[in-house]
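Everything on this sheet refers to the single structure shown next.
Computed from heavy atoms alone, side chains included, the values below leave out hydrogens, waters and symmetry copies.
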Amino acid sequence: MLRSRIIPCLLIQNKGLVKTRNFKEPKYVGDPLNAVKIFNEKEADELMVVDIDASRNEREPDFDLVEKFAAECRMPLCYGGGVTSAAQASKLISLGVEKVAVSSAAILNPTLLTEMAQAVGKQSVVAVIDICKKKGFFSSGYEVCIYNASRTIKQDPIELARSLQDAGAGEIVFNFVDLDGTMQGYDIEYAKSLKEVLCVPVTFLGGAGSLEHMGSLMEELGVVGAAAGSLFVFKGKYRAVLINYPELEKKLQICQQASKARQNI
């Protein structure tokens, strides 16, 4: 039976582990390989690693670094950053990566997802959609942004998600730019509208500040990926750097409580 996943997301810049807020001002927080070792010990469901500069700087993935991550990682590993071809995706899979995430390149050229799915299998292809609130006094809702939120495109996130799913994405990750690093909770209502139009697994990233936030997401949406960055690298109101993840018993408790609460809705 499918169950919800609790997923740490590690951001990489210049081979170091960093954390951002609203996609800005990356703060160095340590050695990413050390973080992987800790998540191994904590038996994390899955790990997502994203090189935040690769695509914007038109640089291909750091295959040597990815190989080190894959060799160390004892959980399913999803890598994103700089992937622009099916050949690169195939190379990443050959290094031990289970899923390859693509954002800007796939949004600008959805056929990339089709080519990747043919090369490595649909289950290994993840489309990441960064969404931000529309700007302007009379504006409301969300729009899609690319290249670390440095550009926006006038496309509805829901329609885009449908098209990327049809193109070959085996999973969709929605990353809320305005909630990144705020730890104030997911936008659950909008997340609902996104998930209900898709048939593939869906993961949400941006805003989680507690395990309760994740439980609420699961309760309202059912089986879903609940991803977070700050929650798993910071501790306390002063944001002291501390790599952490819930113990297995606590994790199962959160998922079970959410499932029971959903049955009673």
Side-chain angles (χ1 to χ4, degrees), residues 4-13 15-40 42-55 61-62 65-66 69-70 72-83 92 97-104 126-132 145 148-149 171-187 191 201-211 213-214 217-218 224-235 239 241-246 251:
S4 293
R5 296 159 292 141
I6 295 179
I7 308 167
C9 180
L10 302 181
L11 304 182
I12 307 300
Q13 185 181 61
K15 301 183 187 295
L17 176 62
V18 299
K19 190 64 197 79
T20 57
R21 188 182 179 98
N22 307 132
F23 279 36
K24 299 175 182 176
E25 300 177 359
K27 173 186 176 182
Y28 177 78
V29 293
D31 176 10
L33 284 173
N34 182 58
V36 173
K37 293 176 183 177
I38 295 173
F39 290 127
N40 279 338
K42 298 293 187 180
E43 300 182 12
D45 292 329
E46 186 176 320
L47 183 65
M48 187 172 187
V49 174
V50 179
D51 184 329
I52 62 174
D53 285 340
S55 294
D62 184 336
L65 183 60
V66 174
F69 282 131
E72 188 66 52
C73 196
R74 297 201 298 267
M75 71 215 84
L77 173 63
C78 175
Y79 169 81
V83 179
L92 289 166
V97 171
E98 277 79 15
K99 299 179 184 178
V100 180
V102 195
S103 183
S104 303
V126 178
V128 180
I129 303 177
D130 296 331
I131 57 177
C132 51
C145 50
N148 281 3
E171 180 177 348
I172 307 285
V173 174
F174 294 98
N175 194 357
F176 288 80
V177 176
D178 302 276
L179 295 176
D180 172 52
T182 64
M183 303 182 76
Q184 296 175 352
Y186 299 102
D187 185 338
V202 181
T203 293
F204 293 96
L205 175 63
S210 68
L211 297 176
H213 288 155
M214 293 186 157
L217 182 74
M218 297 172 195
V224 69
S230 296
L231 177 61
F232 297 130
V233 300
F234 295 135
K235 204 70 175 177
R239 298 195 177 208
V241 176
L242 178 65
I243 306 299
N244 67 97
Y245 188 84
K251 178 175 64 176

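- Val66 is listed as a side-chain neighbour of Val97, based on a closest heavy-atom distance under 4.5 Å.
- Side-chain N/O atoms of Arg5 and Thr203 include a donor and acceptor closer than 3.5 Å.
- Contacts of Asp62 classified as side-chain hydrogen bond (donor to acceptor under 3.5 Å, both in side chains), with partners at least two apart in sequence or in another chain: Lys15.
- Taken from CG in Asn244 to NZ in Lys235, the straight-line distance is 4.5 Å, to the nearest 0.5 Å.
- Distance CG/Asp178 to SG/Cys132: 6.0 Å, rounded to 0.5 Å.
- At a threshold of 4.0 Å, the pair Asp180-Lys24 does not count as salt-bridged, since none of the basic side-chain nitrogens sits closer than that to a carboxylate oxygen.
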Exercise for the section: Determine, step by step, whether Phe204 and Tyr186 satisfy the ring pair (Phe, Tyr, Trp, His ring centres under 6.0 Å) criterion, reporting the C-alpha distance in whole Å, the side-chain angles of both residues, the deciding distance to 0.1 Å, and the verdict. Expected result: CA-CA 8 Å; Phe204 293 96; Tyr186 299 102; 7.3 Å; no

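- Considering only heavy atoms from C-beta on, Arg239 comes within 4.5 Å of Ser230 through its side chain.
- Separating the CG atom in Asp130 from the CZ atom in Phe174 is a distance of 11.0 Å, to the nearest 0.5 Å.
- Residues Ile7 and Leu47 are not in side-chain contact: their nearest non-hydrogen atoms beyond the backbone lie 4.5 Å or more apart.
- A salt bridge does not link Arg74 with Glu43: every distance from a Lys NZ or Arg NE/NH1/NH2 to an Asp or Glu carboxylate oxygen is 4.0 Å or more.
- For the pair Leu77/Glu72, no side-chain contact is recorded, criterion being any heavy-atom separation below 4.5 Å from C-beta on.
- In summary, Glu25 and Lys19 do not engage in a salt bridge, as defined by a charged side-chain N under 4.0 Å from a carboxylate O.
- For the pair Ile243/Phe39, a side-chain contact is recorded, criterion being any heavy-atom separation below 4.5 Å from C-beta on.
- The side-chain heavy atoms of Asp53 and Asn148, taken from C-beta on, include a pair separated by under 4.5 Å.
- The shortest distance between side-chain heavy atoms of Leu65 and Ile12 falls below 4.5 Å.
- Inter-residue side-chain proximity for Lys251 and Asp45 is flagged as met; some heavy-atom pair is nearer than 4.5 Å.
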